[in-house]
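What follows is one structure encoded as structure tokens, with my remarks underneath.
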Protein chains: 2
Amino acid sequence: MLKLSRKTEYALMALRHLSGKSAGELTSSKEIAGTYRIPGELLAKTLQQLAREGIVETVQGPHGGYRLKANLNLINLSDFIELLEGPVALTDCSIDNNCSQIMTCTIRTPIHRINEKMKEIFSNTTLAEVMQ
Amino acid sequence: MLKLSRKTEYALMALRHLSGKSAGELTSSKEIAGTYRIPGELLAKTLQQLAREGIVETVQGPHGGYRLKANLNLINLSDFIELLEGPVALTDCSIDNNCSQIMTCTIRTPIHRINEKMKEIFSNTTLAEVMQ
DNA sequence: GTTTAATCCGACTAAAGAAGTCGTATTAAT
DNA sequence: ATTAATACGACTTCTTTAGTCGGATTAAAC
Ligand code: FES
Ligand code: FES
């Protein structure tokens with residue numbers, strides 16, 4: 001139904017929170033979850049994923065937490081979404097060819113065209129812009 | 001995950017099939033389902049919905065079936081998708097305000113901006129173009 | 001007027017995906 | 001040693017989507 005997953009939403013909110021902090025400052029996932037009433041465990045896992053991808057940095061142990069690592073001006077929304085929820089594809093066949101309709105489908109090419117335009121919007125939007 | 005539902009896919013394929021027929025000619029839902037290996041009952045229900053919306057016309061009884069009614073140049077993809085699967089909204093709050101995060105959310109406005117661009121793409125595409 | 005081949009439509013079930021929870025391990029400051 | 005944080009996989013629950021079924025209606029053909 002063309003909706004972003006909550007995971008993506010939470011990730012964006014977390015990044016915005018982090019980008020409001022002074023450089024190097026650490027924030028616990030608990031603080032963020034508490035502020036926005038987000039399920040803590042879920043946010044934690046999401047932040048861990050962002051850490052693996054080099055978007056945030058983590059410090060373990062008491063007083064540990066997360067802080068921004070990547071430059072949000074250099075990450076586009078398309079890559080970010082694909083990171084968290086897989087390929088941006090209106091249909092299965094938009095990316096790979098695992099679509100069950102592939103042999104008989106008559107709308108593949110036009111849908112693909114629209115898909116490209118959609119991806120373009122996301123590609124042309126940086127995470128920094130989403131934080132504004 | 002930003003994917004169209006199968007219902008929408010099937011509906012588009014059916015419309016394309018119908019638009020290949022000569023004006024006034026009837027096609028049974030069974031013929032279409034058979035051609036593209038689509039579950040018959042599901043396609044039938046979808047066509048019935050399109051009929052209620054005035055996009056196709058139906059004739060009951062033996063030798064009955066469906067034929068195009070609306071001009072596909074005059075229907076945009078945005079309306080079509082919304083007809084079949086509800087509002088095009090990246091988040092719950094993009095349309096109504098039923099989002100659970102509404103009080104604390106910090107990314108509402110930027111997401112809304114992107115949502116508008118996305119809808120614009122769909123609005124600027126007619127069904128006729130998708131049939132090409 | 002009976003049979004038949006189609007649409008009609010709601011209710012149901014099954015499958016898939018998303019969201020959230022839990023348990024346990026690791027890390028490092030105090 | 002204790003504590004407060006991250007790390008991470010497995011699990012459960014919830015929601016949505018996909019598909020099926022049963023029975024009604026319609027109208028052509030015989
Ligand atoms: S929808 Fe996948 S081939 Fe057309
Ligand atoms: S996602 Fe709904 S208010 Fe932000």
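This one's a predicted model, so the numbers in the text were calculated from it and none came from an experiment.
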Atom-pair distance ([atom1] on [X]; [atom2] on [N]), nearest Å:
X: A:Gln101; N: D:dG19; atom1: CD; atom2: C1'; value: 13 Å
X: B:Gln49; N: C:dG10; atom1: CD; atom2: C1'; value: 14 Å
X: A:Glu9; N: C:dA18; atom1: CD; atom2: P; value: 14 Å
X: A:Leu4; N: C:dA19; atom1: CG; atom2: P; value: 10 Å
X: B:Met1; N: D:dT15; atom1: CE; atom2: P; value: 21 Å
X: B:Leu2; N: C:dG17; atom1: CG; atom2: P; value: 15 Å
X: B:Leu50; N: C:dC9; atom1: CG; atom2: P; value: 13 Å

d(B:Glu82 CD, B:Thr8 OG1) to nearest 0.5 Å is 11.0 Å
With sequence neighbours excluded, give me every side-chain hydrogen bond (donor to acceptor under 3.5 Å, both in side chains) pair touching [range].
range: residues 29-42 of chain A; value: A:His17-A:Glu31, A:His17-A:Tyr36, A:Lys21-A:Glu31
range: residues 58-75 of chain B; value: B:Glu57-B:Arg67, B:Asn71-B:Asn73
range: residues 99-112 of chain A; value: A:Asn97-A:Arg108

So, do B:Ile32 and B:Leu18 sit near enough that their side-chain heavy atoms are less than 4.5 Å apart? yes
Minimum heavy-atom separation for [X] to [Y], with atom names?
X: B:Arg16; Y: B:Gln132; value: NH2-C, 4.1 Å
X: A:Leu43; Y: A:Ala33; value: CD2-N, 3.5 Å
X: B:Val88; Y: B:Met118; value: CG1-CE, 3.8 Å

*asked:* Check the phosphate of D:dC8 against A:Arg52, side-chain N and O only, distance under 4.0 Å to OP1 or OP2. Yes or no?
replied: yes
At less than 4.0 Å, is any side-chain N or O atom of A:Tyr10 found next to OP1 or OP2 of C:dA19? Yes or no. no
Expected list for residues 55-71 of chain B near DNA chain C, using heavy atoms below 4.0 Å, is B:Thr58, B:Val59, B:Gln60, B:Gly61, B:Pro62, B:Gly65, B:Tyr66
So, with a heavy-atom separation below 4.0 Å from DNA chain C, the residues of residues 20-48 of chain A are A:Pro39, A:Glu41, A:Leu42, A:Lys45
The remaining residues in the hydrophobic cluster of B:Leu74, counting side-chain heavy-atom contacts under 4.5 Å among Ile, Leu, Val, Met, Phe, Trp and Tyr, are none
